[in-house]
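Whatever order the structure lists ligands and atoms in, that order sets their numbers, starting from 1. Here the structure is a predicted model, which means the values were calculated and not measured.
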Amino acid sequence: MSTIHRALDAFRELYGREPQGVWSAPGRANLIGEHTDYNDGFVLPFALPHRTSVAATRRTDGRILVSTVGDDGRPQQAEPFAVADLRPGSPSGWAGYPAGVAWVLRDIGVADISAGAELVIAGNVPAGAGLSSSAALECAIALALLGLAGHEIGAGYAERAQVAEWSHQAENRFVGVPSGVLDQTASMCCTEANVLFLDVRSGAAEQVPFDAAAEGLEVLIIDTRVNHALGDSEYGDRRRGCERAAELLGVPALRDVSTEDLPGALATLPSELGPLVRHAVTENARVLDAVDLLRASKLAEVGPLLTLSHQSLRDDYRVSCVELDVAVDAALAAGALGARMMGGGFGGSAIALVSEELRPEVERQVTAAFVGRSFTQPRLFTAIPSAGAGRDQ
Ligand code: ADP
Ligand code: MG
């Protein structure tokens, strides 16, 4: 059953009437450009077919009642909270994401959300798999709260990027996860059949056509089932390392270090910072190369860039883990054109570019590589670039 229908059914069960509307937002994959967003660099995400839907109705008493439909199909309700009382960090847990969005929207004052709302969530973006279930949730809630307040979000890019920024603020400042703006921008701004080429510094964005099937290719997502925890100190360490390196190099962000500048930069930096800079600089260059190849309809040639990205993330940035390495190595050994870990690292998902004919064999070999180790079986699916967030009904 679609997430829309699951949200609708649960809403009817809980409140005995129809909601005023249903809004949804997708999870995302990132073709290439990892750990570049907070270095003011380039990313190339696309929206997944997996979505989070929110059925919603306005209240009058200033409280927000929020429920989420679990895997068993049953709604689980969080402790109700008053919009006026929201403070960062409370509520915590999963309700912190919707509460954080309400907190940001309340303080920005773009729409009057003070009446409160009944929100019923149903999603099928795997949580903690590096596919941005958190951004899908935030963006769907943002659209629902704005929509209930009469502020419907249209197709315009700038307005959507603004909603992404508010959702990002919710995650950073209310939930307390120091992530970059990639996830929310992808969920809000990606469009069907395209990857989004985003320059995080300028906000300039271009929808680049990505039709793998036309070239006999598929994008395989491998969820290692190792729960990444972005809040972990490792992510903050890398981020601070990049900021420190930029400071020592006298540039606003690592985005400002060119490939030509790299040898000189590496010669002056402390040894622990050099590899971080090398990753950021080479990864930005790989995104630009990938975009050139996509524009020239040379999709298969993006494969080796993915593999180089993985090596850089594994060896220089040191954010991979054994399960991600096993998944990538097995995919490549089975004939994938390229593969890499995706997302913050230390778990989550990998992405592989494979030919249609070899896809079953790649799936078989990746699955087999996880057998006989103390690993949970991975979840594999193929993904095509899907629509961004919007109103469903
Ligand atoms: P990712 O974004 O990679 O999936 P995060 O750790 O950033 O991983 O976000 C996962 C968290 O988001 C979950 O632990 C949960 O708190 C929240 N979340 C995501 N989807 C839902 C949902 N459908 N219902 C309730 N909470 C959700
Ligand atoms: Mg997340």
Does ligand 1 have any atom that is closer than 4.0 Å to a heavy atom of P126?
-> yes
Is the shortest side-chain N to carboxylate O distance from R6 to D9 below 4.0 Å?
-> no
Salt bridge R359-E356, side-chain N to carboxylate O under 4.0 Å = no
For atom CZ of R12, is the number of surrounding heavy atoms from other residues, nucleotides or ligands below 6.0 Å larger than 12?
-> yes
Any side-chain donor paired with an acceptor under 3.5 Å for D325 and S320?
-> yes
With nothing but distance in play, are any N or O atoms of [X] less than 3.5 Å from an N or O of ligand 1?
{"X": "G130", "answer": "yes"}
{"X": "S134", "answer": "yes"}
{"X": "I121", "answer": "no"}

Where does L131 meet ligand 1, judged by heavy-atom distances below 4.0 Å: at the side chain, the backbone, both, or neither?
-> backbone
Return the orientation label for the F174 and W103 ring planes: parallel under 30°, perpendicular over 60°, tilted otherwise.
-> tilted
Run down the list S133, S187, S349, G344 and name the one with the heavy atom closest to atom 20 (N) of ligand 1.
-> S133
Could you tell me whether a side-chain N or O of R28 sits under 3.5 Å from a main-chain N or O of S132, the two making a donor and an acceptor?
-> no
Can you list the atoms of ligand 1 that are under 4.0 Å from a heavy atom of A127?
-> 4 (O)
Just jot down the ligand 1 atoms closer than 4.0 angstrom to any heavy atom of L137, in number order.
-> 18 (N), 21 (C), 26 (N), 27 (C)
Going by the side chain to side chain donor-acceptor pair (under 3.5 Å) test, which pairs reach into residues 366-390, not counting sequence neighbours?
-> D223-R379
Look at S179 and state whether any of its N, O or S atoms is less than 2.8 Å from the Mg ion (ligand 2).
-> no
